[in-house]
Structures are given as structure tokens and as C-alpha cells.
Protein chains: 2
Amino acid sequence: MSKDTRISMAVVRRLPKYHRYLGELLRNDIDRISSKELSDRIGFTASQIRQDLNCFGDFGQQGYGYNVKELHNEISKILGLDKQYNTIIIGAGNIGQAVANYSSFEKYGFHLKAIFDKNPKLVGIKIRDIEIQDVDELSSYLDNNKVDIAIICVPRLHAQSVADILVSKGIKGIWNFAPTDLQVPDDVIIENVHLSESLMTLSYRLNERNLFED
Amino acid sequence: MSKDTRISMAVVRRLPKYHRYLGELLRNDIDRISSKELSDRIGFTASQIRQDLNCFGDFGQQGYGYNVKELHNEISKILGLDKQYNTIIIGAGNIGQAVANYSSFEKYGFHLKAIFDKNPKLVGIKIRDIEIQDVDELSSYLDNNKVDIAIICVPRLHAQSVADILVSKGIKGIWNFAPTDLQVPDDVIIENVHLSESLMTLSYRLNERNLFED
DNA sequence: TAGATTGTTAATCGATTAACAATC
DNA sequence: TAGATTGTTAATCGATTAACAATC
């Protein structure tokens, strides 16, 4: 499934979109597609699609195009969706609860195993059959359970100290919803979801085109 | 506050981060900063920082650097955070409720005015003093109220039809949390938050570096 | 075989970084 | 004034697009 040379983040961030569009083609019982047709749907150029896919292998066939099922499957593997991940959520406020309830991540192999919060009013409450634990138990939980991805949903000022605990226990993947940039060693991967940055980008663009006049 | 020539999205997506770091400097009573010092904190090169800021004006001073308060204020204006926006949420499920409860958007000028859902069990419930309305009332609400930004939090299959209503009523800004790409006219701005794409990028990177072995 | 479409190289475009004169 | 640091131009780097030979 692999060629060499480092894959750029620009390419990586397009992969989930390929995965999504191919999944949709599958649901519509379309079993082959050319880079040109895919381009028309997904909005990347055909040339870019072929370049992107060729980073990972020769999935197409001249004169034919790509087999949808096969390509979807390959991209799943490239994204690591053929594996299972144990996840935990730290912070059971608005965002934490929303993510906890987002059960559709399960189908991609992400299994929520535990939820932590420091608010005594939340500790003990169950979300999707998982009882919220006191965050003081986070360390000992990590000593006794394999966790692949930790999801940080605590307020900004607590995020770094939570990250420090996670790192000290060997967690290598952090999905960070706190509006701050976490300091972690190089071998720990952070994926940020900065909602206010996204919203600010939207307001910038509204004003830029003079679409917004008060 | 402006120079000419179109600003690239690469620059635009860095602006909220400048805003955030400058806000932090302000809170720490630091009143001037050089591009070099800011570079050390924010992680962009000093050269890039100067280039970015110069897209919008000459905010610095040779030999001195930048005045933190002034620059923060300028970037606020550039991002349109000096204005007020009426927002509505369509879809009061997990994500919709989480965003509705996220009151910190208010301080940037984003005011939640209405929430819609089609589930009769949710209609009538109040979130932050706002009563969830039946989505059938969306059209007439838009006829009678000025809305600047609509936040789509409905399931994938309903997202496009909601977007169609919004567009037909003249909404120009959509913050889309549904895992799909919406079709809208060129003058409507869409900002997507695709959580599963973000999570898949994380799992890709975990596997890429062989940090994840099952 | 002829037509279609890939994989891949080369050309272009855009974004980042380096360098330095201008100037506070 | 001398030192610091900007604004801005030029150089480099990387990503996208175009082109086309290879081949199914």
C-alpha cells in the first residue's frame, strides 16, 4: 500500500474527502470511476487526484479508471480505518458530551472507553453507558488500560496539564478541542479542532467580500 | 486597514491564531512585541509574520516592533470581530446543543438568536433561554428576522435541503457541521467543520509514523 | 485494434523564507 | 547616533496543473 517519500499534509487532508466520496459512490452502486468523473464530483482537478493517489500505489488501470470498492478499501487502510482505537474523553462539558454522544465514530473503529471530568456533579452520570469518572483517576486509568487516542475537551487553562499527564503515560494521539496550542514531544501527534478560529475565518470572509453590512 | 490584492486562504487561516496569541500577550500585560519574539511563541517564521501582517497595513515600527494592543485591535477589525452577528442553529442534536451552549462566541460578537429542530421532543425546550422551534418555522423566521450566519447541525442527508432554504432567504454565511459538501451559489460563504475528517487525519498520522501498533 | 485513461515527468503557479535597505 | 527591527524585494521551496507516453 505504500510508496516512499514523505506525504505532505496537503495530500493527507484530502484523503478523508476521497474516502467520503468513494463511500457515497459505493452506496449508489457505482463500481468504477475515472479521475475525470471523480474530479467533477469532488472538485479537485483530475490531475491532482491521480497525483494524490499515486503517492500510495497504482490503484487505477489505464483505459478503465479506478474500481470504487477497491479504492475505497485502500484509502480506508491508508487512513488506518482498518484498525481499532481505544479513545477516552477528558472534559464532559458541552463539547465533550457532544463528542461522546457522536456514536458514528464507532463505525470507523474509534471506541470510546472512558470519560473524565472534575465536576462532582457530572461524575457518576452515564453517557452511552459510560460512567463519567473523576479526572483524578485519569492517571491510574491510563496505567491499567490501553488508550490510543485521548480527546481533550477541558477549558483552555486546564488543557496543558491534562496533556502533560497523557504524555507522561505514553499517549501518542491527542484530539484537542481546547482553544490553545499544546506543548508535547515530537512523537506525540496533535490534531486540533479550533472552533473559534473556524468561526473567525467565516466572519473574515463575509466581510472581505462586503457581503456583510451592518 | 487594507492594502489591495487578494489575500490567500493560507494567510486568512493564520489570522485567528495571531488574534489569539496577541490576546494572550495582552492578558500578560506585554505591550510590545517584535516579529522575532512572536515567532518564538507562535511557531511561524518572523519573515512570514511580517509578510502576513503587511497584507493589511503597516502596523509595525522599525526598531520597535509591534504595539500589542494596537495590533490585536487591528486584527480584530480585519476578522470582522468589531461587528455584531445574528446567528441561528438548525439541528439541536449533540453538536447543535454543544454549539448553542458555547456562550464564549458571544464575546466575539456572535449572538445566538434562534434554534430549530424537527424532533417534537426537542421543540419547546430552552437552551440558554432560547426556545427550540420547529424547523418548519425556519422560512418564516428568516422572513422576519435578520440573520447573518446560519449554523447547520442537522444529519448529513438533511443538510442540503436546509442549505437550500437558507440560500433562498438570502443567508450569506453558513457554518456547516454536517459531514457533506453543500452546493450553494458563489456569493454564499461556507465554512466547514468536518469532525470525522479531522479524526481520520489523526489516525493517518498515528499509523504513518508507526506510532500505532495493534 | 482503437479509445480511454492512467502514471509520471515537466511546467507553472503560489507560498514561504532569506536578505537587506529604509527608518524609527 | 547606533542598534534594532520593520517593510519589501528577490530567491527558494513546494504544491498544483498540464502534457503525454505507456498500456489496458
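Keep in mind the model is a prediction, meaning the values are calculated, not measured. Proteins come first, then strands; the chains are lettered A, B, ... in the order of their sequence lines, and each starts at number 1.
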Write down the distance between [atom1] ([X]) and [atom2] ([N]), rounded to a whole number of angstrom.
X: Ile49(A); N: dA15(D); atom1: CD1; atom2: P; value: 18 Å
X: Met9(B); N: dC13(C); atom1: CE; atom2: P; value: 22 Å
X: Gln61(B); N: dT23(C); atom1: CD; atom2: P; value: 13 Å
X: Gln62(A); N: dT23(D); atom1: CD; atom2: P; value: 7 Å
X: Leu38(B); N: dG7(D); atom1: CG; atom2: P; value: 13 Å
X: Phe59(A); N: dG7(C); atom1: CZ; atom2: P; value: 9 Å
X: Asp52(A); N: dT16(D); atom1: CG; atom2: C1'; value: 10 Å
X: Asn54(B); N: dA15(C); atom1: CG; atom2: P; value: 16 Å

Checklist entry - Is any side-chain N or O of Gln51(B) under 3.5 Å from a base N or O of dT9(D), one able to act as donor and the other as acceptor? => result yes
Next on the checklist: How about NZ on Lys118(B), more than 12 heavy atoms from neighbouring residues, nucleotides or ligands closer than 6.0 Å, or not?
Outcome noted: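 At most 12 heavy atoms, drawn from other residues, nucleotides or ligands, come within 6.0 Å of this atom.
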Next on the checklist: Does Arg41(A) have more than 12 heavy atoms from other residues, nucleotides or ligands lying within 6.0 Å of its CZ?
Outcome noted: no
Checklist entry - Relative to the ring of His72(B), is the ring of His19(B) parallel (under 30°), tilted (30 to 60°) or perpendicular (over 60°)? => result parallel
Next on the checklist: Check the orientation of Tyr204(A) and Phe56(B). Use parallel for under 30°, tilted for 30 to 60°, and perpendicular for over 60°.
Outcome noted: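 Tyr204(A) and Phe56(B): perpendicular rings.
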Next on the checklist: Please confirm whether the shortest side-chain N or O distance from Arg50(A) to OP1 or OP2 of dG7(C) is below 4.0 Å.
Outcome noted: no
Next on the checklist: If the cut-off is 4.0 Å, is Arg14(B) near the phosphate of dT16(C), judged by side-chain N/O to OP1 or OP2?
Outcome noted: yes
Next on the checklist: Is it true that Lys83(A) and Asn207(B) share a donor-acceptor pair across their side chains at a distance under 3.5 Å?
Outcome noted: yes
Checklist entry - Taking atom types as modelled and ignoring hydrogens, do the side chains of Gln97(B) and Asn101(B) form a donor-acceptor contact shorter than 3.5 angstrom? => result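 No pair is found: no donor N or O on one side chain lies under 3.5 Å from an acceptor on the other.
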Checklist entry - Near DNA chain C, which residues from residues 24-37 of chain A have a heavy atom under 4.0 Å away? => result Ser34(A), Ser35(A)
Next on the checklist: Quick test of your reading of the model: are Arg13(A) and Glu191(A) salt-bridged, counting only N-O distances below 4.0 Å?
Outcome noted: yes
Next on the checklist: Do Thr180(B) and Gln160(B) have side chains that approach each other closer than 4.5 Å (heavy atoms only, starting at C-beta)?
Outcome noted: no
Item to check | Residues in contact with DNA chain D, drawn from residues 64-71 of chain B - heavy-atom cutoff 4.0 Å | outcome: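 The answer is Tyr64(B), Gly65(B), Tyr66(B).
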Checklist entry - Does anything in residues 40-48 of chain A reach DNA chain D, meaning a heavy atom under 4.0 Å, and if so which residues? => result Thr45(A), Ser47(A), Gln48(A)
Checklist outcome for this item: Listed range with range, the stems formed with DNA chain D by at least 3 consecutive Watson-Crick or G-U pairs (under 3.5 Å) are C:3-24 with D:3-24
Checklist entry - Side chain of Thr87(B), backbone of Ala150(B): donor and acceptor closer than 3.5 Å? => result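 Side chain of Thr87(B) to backbone of Ala150(B): no pair is present.
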Checklist entry - Which pairs pass ring pair (Phe, Tyr, Trp, His ring centres under 6.0 Å) with one or both residues in residues 163-183 of chain B, sequence neighbours excluded? => result Phe105(B)-Trp175(B), Trp175(B)-Phe177(B)
Checklist outcome for this item: Residues passing the side chain to side chain contact (heavy atoms under 4.5 Å, CB included) test with Val147(A), sequence neighbours excluded, are Ile88(A), Tyr141(A), Leu142(A), Ile171(A)
